[in-house]
Amino acid sequence: MTRLLQIHAQMITTGLAHNTFCASNLISFCALSDSGDINYAHFLFHQTPQPNLFIYNTMIRSSARSPSPKDSIFLYTQMRTRGISPDHYTYPFLLKACGRIEALELGKTIHGVLLKAALDSDSFVRSSLINMYTNCGSVESARRLFDKMSDFNVVSCNAMIGGYVKVGDLGSAKWLFDKMPERDLVSWSTVIAGCVQIGDSKKAMELFGEAQTLGIRVDEITLASLLSASAHLGALYQGKWFHAYIYRSCVKLDAVLGTSLIDMYSKCGGIETALTVFRLMPKKDTLAWNAIITGLAVNGYGERALQIFLEMQREGEMPDDVTFIGVLCACSHAGLLDEGLRYYESMIRFYRIKPRVEHYGCMVDLYGRAGLLVDALDFIRKLPVQPNAAIWGALLGGCFIHGNIELGEHVGRILIELEPQHSGRYVLLSNLYANANRWDDVRNIREMMKERGINKIPGRSKIEAKGMVHEFVMGDKSHPQTKEIYHKLDEMMKHLTLAGYTPDTSTVLFNLDEEEKENALGYHSEKLAIAFGLINLGPNMPIRIVKNLRVCVDCHSATKLISKIYDRRIIVRDRSRFHHFEQGYCSCKDYW
DNA sequence: GTAGGGTTAG
């Protein structure tokens with residue numbers, strides 16, 4: 001831009017500023033280039049006495065992708081009043097703006113206008129129309145238009161696939177993807193992103209495999225989705241492979257891809273690498289800061305997360321609502337009550353961010369973990385919104401940690417009423433009763449679950465070894481290495497007993513006799529996965545496990561001891577956070 | 001010129 005300002009100055013002195021061709025190019029650079037400046041483009045535009053069609057198109061195009069797409073509409077009205085007729089270049093930009101502000105009625109009107117002007121046969125205009133309709137939530141209109149088209153071009157197909165993906169109809173998206181005559185990288189990216197969005201990360205990986213077989217080289221956009229899939233799966237080695245791919249293929253590492261990498265490493269327990277990636281990023285936006293703050297928080301490094309937050313403020317990056325979710329989460333997990341309260345206040349008063357239900361959840365968690373259950377309840381009562389299940393869940397968590405049976409029972413009942421189909425709610429209440437040795441109540445809950453036909457979700461643990469993901473359920477005997485695994489498990493148990501471990505059977509759901517309970521615990525999926533890891537991973541490799549549920553008290557204390565006995569780092573990602581076990585300690589400081 | 005990407009409480 002500095003260079004451009006010099007050129008502009010020169011143009012003024014030489015009189016070239018009045019030359020339409022030169023003025024157009026100047027505006028075009030400011031409005032469209034990555035190193036341009038949209039505000040300066042507006043400034044130049046206002047100084048132009050008679051902007052021509054090209055200038056209008058450029059300004060409409062630039063505004064359509066700017067943070068205020070409404071400007072495009074304004075510019076369009078202005079050009080019409082000034083008697084300039086829009087052409088087939090104008091409409092795609094204008095329709096993009098309509099889509100972004102979800103102005104369906106306006107979009108329809110423009111559709112009518114361009115029908116009259118007979119511009120609807122232009123393939124760019126058609127694809128833009130399809131995209132406008134899907135962005136405005138009207139997939140049916142998009143489909144009607146799409147069906148009427150005789151020339152099947154790849155862009156309109158992609159726009160249509162994107163429309164299906166937006167409404168979560170991956171079946172139709174995949175159907176069209178398979179049916180279209182030719183697919184380009186955008187087609188692949190769209191379906192891959194679609195899989196990730198509906199939570200089918202495995203399918204996303206499979207599609208990438210197919211693309212690989214066909215020799216398609218993916219770019220930074222596809223990779224961002226694929227890294228997000230790795231993050232969800234907790235597949236560190238898969239994610240690392242993509243990281244290497246980025247370097248190998250000289251893919252542009254922009255802020256979005258950097259954020260995906262940070263998130264992938266954090267969600268796979270590789271928080272040190274996440275930090276390195278973050279430090280090496282030349283341009284960090286709010287999302288990148290948010291990703292590292294949240295990553296540190298769920299990995300149990302609350303203080304580090306807060307340091308980075310302070311750094312963010314020093315560097316003048318504006319925190320948003322998501323930043324504060326990370327900050328509050330960091331405070332509650334690290335037991336920093338006063339800081340949490342202070343940040344919450346500053347979010348509202350200083351940053352003028354209106355708290356959302358997620359922030360309330362963090363606050364209840366903050367009070368609850370600190371043992372201030374009365375304050376937590378008081379906070380919930382004063383909320384301007386109906387508390388949701390997550391808020392009660394946070395309070396129940398606090399009751400559990402601090403052994404408050406009365407309040408816990410009350411909250412547990414509310415939760416079951418609120419989400420009668422959610423098995424975890426019953427399990428939690430039942431565990432609370434079991435902790436208090438109230439076996440009759442435990443049995444009642446079991447009965448209730450049976451009557452309502454609700455099944456407990458079985459615990460599953462995944463572990464990666466030699467490029468393969470292995471999954472275990474409780475008492476699993478399906479793995480080819482079953483014999484060795486159980487042998488190792490016996491050895492582990494012997495070592496544990498020698499180290500003074502006694503099984504904590506308090507949270508076993510069934511009212512079994514003590515010996516049965518111990519057996520049930522001994523074969524919990526994470527213990528099987530640890531045994532598998534000890535057998536198959538080299539002595540210096542940390543054991544990384546991803547669990548679908550929260551880790552139980554018994555497995556937690558057993559894992560701490562195992563990390564010491566076998567001198568092995570064990571990293572467990574459970575449903576809500578990370579546990580880094582090392583030399584008998586866990587990063588969660590036994591609060592989770 | 002049109003179509004595809006990242007962070008979010010328990």
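Keep in mind that what you see is a predicted model, and the values were worked out from it rather than measured. All values below were derived from every heavy atom in this structure, side-chain atoms included, with hydrogens, water molecules and symmetry-related copies excluded. Each chain gets a letter, A, B and so on, in the order its sequence line appears, and its residues count up from 1.
Using a 4.0 Å heavy-atom distance criterion, A/F93 is classed as a sugar-phosphate-only contact. As judged by a 4.0 angstrom heavy-atom cut-off over every strand, A/D320 is placed among residues making no nucleic acid contact. Within 4.0 Å of A/S260, counting heavy atoms only, lie sugar-phosphate atoms of the nucleic acid but no base atom. Nucleic acid contact for A/V357: base, since at least one base atom lies under 4.0 Å from a heavy atom of the residue. Counting non-hydrogen atoms under 4.0 angstrom, A/R126 reaches nothing in the nucleic acid. Within 4.0 Å of A/D574, counting heavy atoms only, lies no atom of the nucleic acid at all. Residue contacts for A/G393: at a heavy-atom cut-off of 4.0 Å it reaches the sugar-phosphate backbone alone, with no base atom in range. Counting non-hydrogen atoms under 4.0 angstrom, A/H333 reaches the backbone sugars and phosphates but no base. In this structure, A/D321 reaches neither bases nor backbone, as no heavy-atom distance under 4.0 Å exists between it and the strands shown.
Annotation: cation-pi geometry satisfied between A/K284 and A/F278 (NZ/CZ under 6.0 angstrom from ring centroid, within 45° of ring axis).
For DNA chain B, the residues of residues 178-193 of chain A within the heavy-atom distance limit of 4.0 Å (strictly under) are A/D184, A/L185, A/V186, A/S189, A/T190, A/A193, sorted by number.
A side-chain donor-acceptor contact under 3.5 Å links A/N135 and A/K166. No hydrogens or angles considered: nothing links the side chains of A/R143 and A/Y133 as a donor-acceptor pair under 3.5 Å.
A sub-4.0 Å separation between OP1 or OP2 of B/dT2 and a side-chain N or O of A/N131 is absent. Distances shorter than 4.0 Å separate some side-chain N or O of A/K267 from OP1 or OP2 on B/dT8. Regarding contacts with the backbone of B/dG1, every side-chain N or O of A/K96 stays at 4.0 angstrom or more from both OP1 and OP2.
Rounded to an integer number of Å, the gap from CG of A/L114 to P of B/dT2 is 16 Å. Between the CG atom of A/L257 and the P atom of B/dT7 there is a distance of 12 Å, rounded to whole Å. Per the geometry, CG belonging to A/L287 stands 5 Å off C1' belonging to B/dT7, to the nearest Å. The interatomic distance linking A/L296 (CG) with B/dT8 (P) rounds to 13 Å, in whole Å.
Looking only at distances, a side-chain donor or acceptor of A/S266 sits under 3.5 Å from a matching main-chain atom of A/I262.
For the side-chain contact (heavy atoms from CB on, under 4.5 Å) with A/E220, the qualifying choice from A/L253, A/D254, A/V256 is A/D254, the only one to do so.
Between A/N57 and A/D87 the shortest side-chain heavy-atom distance falls below 4.5 Å.
Nearest heavy atom pair, residue A/S72 against residue A/I60, reads OG-O, 3.0 Å.
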